[in-house]
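Structure, as structure tokens:
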Amino acid sequence: QVQLVESGGGLVQAGGSLRLSCAASGGTFGTRAMGWFRQAPGKEREFAAALSWSVSRTYYTYYADSVKGRFTISRDNVKSTVYLQMSSLKPEDTAVYFCARGKSGYLSDYESRSPDRYDYWGQGTQVTVSS
């Protein structure tokens, strides 16, 4: 059984930084795309960032326009962990952040934004940005 466990959330002032971690266990990690989504109170879950393998054995990174230039997704396959480094945080970044494992290794930019392209999800970690 695949398990994804997020950590690193918390309360931070606007302009601050946080690094979220998502530790995977119990299944394939290294050859799957990984994504981060977030859900604010009263809103639908939305895409934040994703990391997809490419045929050249490197990877592509995709970002929502709202986080581009401020968030960075990365992974450590030895530790089976994916990270989301968040900088210049804004109050509108307040949400529960979820990591998810892709159903495949490669996802296009368009595909990575759909929750349907992911098969396992973590329980989420709360990020609160105060103004």
Side-chain angles (χ1 to χ4, degrees):
Q1 180 72 11
V2 174
Q3 284 193 318
L4 302 175
V5 179
E6 301 97 335
S7 61
L11 174 64
V12 63
Q13 288 189 332
S17 299
L18 282 175
R19 188 178 81 156
L20 306 183
S21 299
C22 171
S25 63
T28 303
F29 173 82
T31 57
R32 296 292 189 98
M34 295 295 294
W36 285 96
F37 288 73
R38 64 186 186 181
Q39 187 167 17
K43 295 188 177 181
E44 292 188 355
R45 190 170 299 190
E46 66 174 10
F47 170 78
L51 193 153
S52 167
W53 286 111
S54 74
V55 294
S56 61
R57 300 179 65 82
T58 58
Y59 51 83
Y60 301 115
T61 54
Y62 310 123
Y63 298 95
D65 288 345
S66 58
V67 308
K68 194 173 297 184
R70 300 187 298 120
F71 290 11
T72 302
I73 187 172
S74 62
R75 68 192 297 161
D76 183 335
N77 287 338
V78 173
K79 296 181 178 179
S80 296
T81 300
V82 62
Y83 303 98
L84 187 66
Q85 177 68 48
M86 306 185 296
S87 303
S88 302
L89 284 162
K90 305 175 181 179
E92 51 264 43
D93 294 319
T94 295
V96 178
Y97 284 72
F98 301 88
C99 70
R101 190 187 77 165
K103 292 180 178 178
S104 61
Y106 171 75
L107 293 175
S108 68
D109 190 351
Y110 176 80
E111 292 170 335
S112 71
R113 296 165 191 266
S114 171
D116 292 342
R117 295 291 181 168
Y118 300 85
D119 54 6
Y120 287 95
W121 294 78
Q123 83 290 345
T125 186
Q126 176 71 47
V127 172
T128 302
V129 185
S130 63
S131 57

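Closest approach of E6 to C99, counting heavy atoms only: OE2-N, 2.9 Å. Nearest heavy atom pair, residue L4 against residue C22, reads CB-SG, 3.9 Å. Among all heavy-atom pairs drawn from S88 and R70, the shortest one is O-NH1, 3.0 Å. When every heavy atom of L107 is checked against every heavy atom of Y62, the shortest pair comes out as O-OH, 2.8 Å. Pairing each heavy atom of L89 with each of L18, the nearest pair is CD1-N, 3.9 Å.
For the disulfide bond (SG atoms under 2.5 Å apart) condition, no pair includes a residue of residues 30-63, sequence neighbours left out.
V96 and M34 fall into different hydrophobic clusters, where Ile, Leu, Val, Met, Phe, Trp and Tyr are joined by side-chain heavy atoms under 4.5 Å apart, directly or via other members. In terms of hydrophobic clustering, with Ile, Leu, Val, Met, Phe, Trp and Tyr side chains grouped at heavy-atom distances under 4.5 Å, V67 and W36 are assigned to a common cluster. In terms of hydrophobic clustering, with Ile, Leu, Val, Met, Phe, Trp and Tyr side chains grouped at heavy-atom distances under 4.5 Å, F71 and F47 are assigned to different clusters.
Taking 4.5 Å as the limit, every side-chain heavy atom of V2 sits out of range of all side-chain heavy atoms of F29. The shortest distance between side-chain heavy atoms of P115 and W121 falls below 4.5 Å. Looking at R32 and D119, their side chains come closer than 4.5 Å, going by heavy atoms from C-beta outward.
Between the side chain of W53 and the backbone N or O of S104 there is no donor-acceptor pair closer than 3.5 Å. Between the side chain of T94 and the backbone N or O of P91 there is at least one donor-acceptor pair closer than 3.5 Å. A donor-acceptor pair is defined here as one N or O able to donate and one able to accept, closer than 3.5 Å; no such pair exists between the side chain of Y97 and the backbone of A48. Proximity of a side-chain donor or acceptor of K103 to a complementary backbone N or O of D116 within less than 3.5 Å is detected. In this structure a side-chain-to-backbone donor-acceptor pair under 3.5 Å is missing from R117 to S108. In this structure, the side chain of Y63 engages the main chain of I73 through a donor-acceptor pair within 3.5 Å. At distances below 3.5 Å, not a single donor-acceptor pair connects side-chain atoms of Q13 with backbone N or O atoms of S130.
The structure places CG of D109 at 9.5 Å from OG1 of T61, a figure rounded to the nearest 0.5 Å. Atom-to-atom distance recorded for Y60:OH and S52:OG is 7.5 Å, nearest 0.5 angstrom.
A salt bridge links D65 and K68; the closest N-O separation between the charged side-chain nitrogens and carboxylate oxygens is under 4.0 Å.
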Distance-only check: which donor-acceptor pairs under 3.5 Å involve side-chain atoms of residues 77-87, not counting sequence neighbours?
{"from": "N77", "atom 1": "OD1", "to": "R75", "atom 2": "NE", "distance (Å)": "2.9"}
{"from": "T81", "atom 1": "OG1", "to": "K79", "atom 2": "O", "distance (Å)": "2.9"}

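Residue Q39 places its CD atom among more than 12 non-hydrogen atoms of other residues, nucleotides or ligands, all under 6.0 Å distant.
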Quiz prompt | Steps toward ring pair (Phe, Tyr, Trp, His ring centres under 6.0 Å) verdict (F37, Y118) | solution = CA-CA 11 Å; F37 288 73; Y118 300 85; 5.2 Å; yes
